[in-house]
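Quick notes on the structure that follows.
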Amino acid sequence: FKNSTIIYHKPISTSRNFKEIIGIIRYLLYRVVTIISRDNNPIPRYYFEAYLAAANLKVDYIVAEGGLYQHFGIFKKKFTRQQMFAHLHRIVEGSPEYWKIFKNAICVSKFVKRKFMHNCVDYNVKGHVLYNCCEEDNFKTILSPMELRNVRQRIGITTTDFLIIFSGRLVPEKGVIELINAVHLTNNENIKLLIVGSPMYDGAEETNYSAEVKRLAEKYPNRIFLTGFVHNSKIGSFMQAADLCVVPSLYDEPRALVPL
């Protein structure tokens, strides 16, 4: 992205400043219109605000990065299907509801593409496969034995401990709590678990699930260790310090980044 300009549209604020109050009023007016027009599927405010921002910037293309893809239908007010791309990071069963919105689907695997494009005959949707990837330079540096020992010491783990690492989002489908319980059931005090990640991104609010992960870590303080969010450029050192990396996902991973 060296030649790109990144404009960050902030999530909806919880503060009640003038700009936020105007946003609330604007969304309420939208809801009034949906009620009058008997629209039974009004979109959440986040998508409404994202649409207004995109329309105001007069962007060339819209790439829907996850979320509830059907709510991107509001973008059809200002953008054509040719401008709409669905970036599918997970398995999404294709349907006319989606195909009417998106002319293009960027899929992280051929399997994801097949699922989305199945029975898509009349909508002329183009499916593209763009595999997930990682920044290899972040993982090329080989740490010395002393550096690895220092990484473990900062965590509170000795060189004789067997360290298991989990890296990813702290959400139910990733199986973090199941992994914690499995480590506890080993009944071996030398087996430790390092959990690297947060509910979504740096600064993300704690969820009920992440709070439960934290509670279990506090329950087993000598065996479960949490780092919180770690930037991708710094994960390599934790990976090297571990003896085993586990991906305990409870759903069909479309193209998991951690094994890469």
Side-chain angles (χ1 to χ4, degrees), residues 1 63-67 86-93 105-117 127-145 147-148 151-152 154-155 157 159 161-186 188 190-202 204 207 209-210 212-213 216-217 223-260:
F1 302 103
V63 181
E65 293 283 352
H87 193 185
L88 306 179
H89 302 264
R90 65 181 192 274
I91 297 170
V92 178
E93 298 285 350
I106 304 171
C107 310
V108 297
S109 72
K110 293 178 181 178
F111 178 67
V112 170
K113 176 183 173 181
R114 285 197 302 270
K115 282 288 188 179
F116 187 75
M117 301 293 291
H128 314 271
V129 175
L130 180 64
Y131 295 121
N132 278 338
C133 57
C134 63
E135 182 56 67
E136 290 184 347
D137 290 342
N138 292 337
F139 303 92
K140 283 183 176 178
T141 302
I142 305 300
L143 300 182
S144 68
E147 289 173 321
L148 291 173
V151 172
R152 283 183 168 233
R154 288 199 303 269
I155 301 169
I157 296 169
T159 55
D161 289 327
F162 186 87
L163 179 58
I164 300 171
I165 187 171
F166 165 87
S167 176
R169 293 178 293 123
L170 305 186
V171 292
E173 60 265 30
K174 292 296 184 179
V176 187
I177 289 178
E178 285 76 7
L179 179 58
I180 292 174
N181 292 332
V183 169
H184 174 63
L185 288 173
T186 62
N188 186 331
N190 288 328
I191 297 178
K192 317 285 184 168
L193 173 61
L194 176 64
I195 299 173
V196 180
S198 65
M200 183 56 72
Y201 47 79
D202 188 18
T207 63
Y209 188 85
S210 63
E212 178 63 11
V213 170
L216 290 172
R223 301 195 64 192
I224 312 297
F225 302 85
L226 304 178
T227 66
F229 175 84
V230 174
H231 192 273
N232 194 49
S233 62
K234 301 182 185 300
I235 290 178
S237 60
F238 291 112
M239 290 287 188
Q240 288 188 56
D243 298 292
L244 178 68
C245 178
V246 176
V247 182
S249 298
L250 304 179
Y251 73 117
D252 293 330
E253 284 278 8
R255 192 75 179 184
L257 281 170
V258 173
L260 291 178

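Fair warning: this is a prediction, and the values are worked out from it, not measured in the lab.
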Within a strict 4.5 Å, meaning less than it, do heavy atoms of the Met239 and Cys245 side chains meet? yes
Among Val176, Val183, Val213, Val196, whose side chain to side chain contact (heavy atoms under 4.5 Å, CB included) with Phe166 holds? Val176
State the CZ-CG distance between Arg152 and Leu194, to the nearest 0.5 angstrom. 10.0 Å
Only counting residues at least two apart or in another chain, list the ones meeting side chain to side chain contact (heavy atoms under 4.5 Å, CB included) with Val171. Arg169, Glu173, Lys174
For Gly236 and Phe139 the tightest heavy-atom approach is CA-CD2, 3.6 Å
To the nearest 0.5 Å, how far apart are CG in Asn132 and CG in Leu257? 4.5 Å
Kindly give the heavy-atom pair with the smallest separation between Cys107 and Val112, and that separation in Å. CB-CG1, 3.9 Å
Just by distance, with hydrogens left out, do Arg223 and Thr186 show a side-chain donor and acceptor under 3.5 Å apart? yes
Atom pair CD1 (Ile235) and CG (Asn138), whose distance is rounded to the nearest 0.5 Å: 8.5 Å
Who are the side chain to side chain contact (heavy atoms under 4.5 Å, CB included) partners of Ala217, not counting sequence neighbours? Ile224, Leu226
In Å and rounded to the nearest 0.5 Å, what is the SG to CD distance from Cys134 to Glu136? 6.0 Å
What pairs with Glu65 under side chain to side chain donor-acceptor pair (under 3.5 Å), at least two apart in sequence or on another chain? His87, His89
Hey, what do you get for CZ (Phe229) to NZ (Lys234), rounding to the nearest 0.5 Å? 11.0 Å
Minimum heavy-atom distance Leu170-Gly197, with the two atoms named: CD1-O, 3.8 Å
Kindly give the heavy-atom pair with the smallest separation between Arg90 and Pro254, and that separation in Å. CA-CG, 3.6 Å
How long is the gap from CZ on Phe238 to OG on Ser167, to the nearest 0.5 Å? 10.0 Å
Nearest heavy-atom contact between Phe225 and Ile155 is CD2-O, 3.5 Å
Among all residues two or more places apart in sequence or in another chain, which pass the side chain to side chain donor-acceptor pair (under 3.5 Å) test with Asn190? none
For atom CG of Asn181, decide whether the heavy atoms of other residues, nucleotides or ligands shown that lie under 6.0 angstrom number more than 12. yes
When you measure from the side chain of Glu147 to the backbone N and O of Ser237, does any donor-acceptor pair fall under 3.5 Å? no
Within the distance-only criterion (no hydrogens, no angle test), does the side chain of Gln240 pair as donor or acceptor with the backbone N or O of Leu143 below 3.5 angstrom? yes
For Leu179 and Ile195: C-alpha separation, side-chain torsions, deciding distance, then whether side-chain contact (heavy atoms from CB on, under 4.5 Å) applies. CA-CA 10 Å; Leu179 179 58; Ile195 299 173; 5.9 Å; no
Val129: partners by side chain to side chain contact (heavy atoms under 4.5 Å, CB included), with sequence neighbours left out: Lys110, Lys113, Tyr131
All side chain to side chain donor-acceptor pair (under 3.5 Å) counterparts of Glu178, not counting sequence neighbours: none
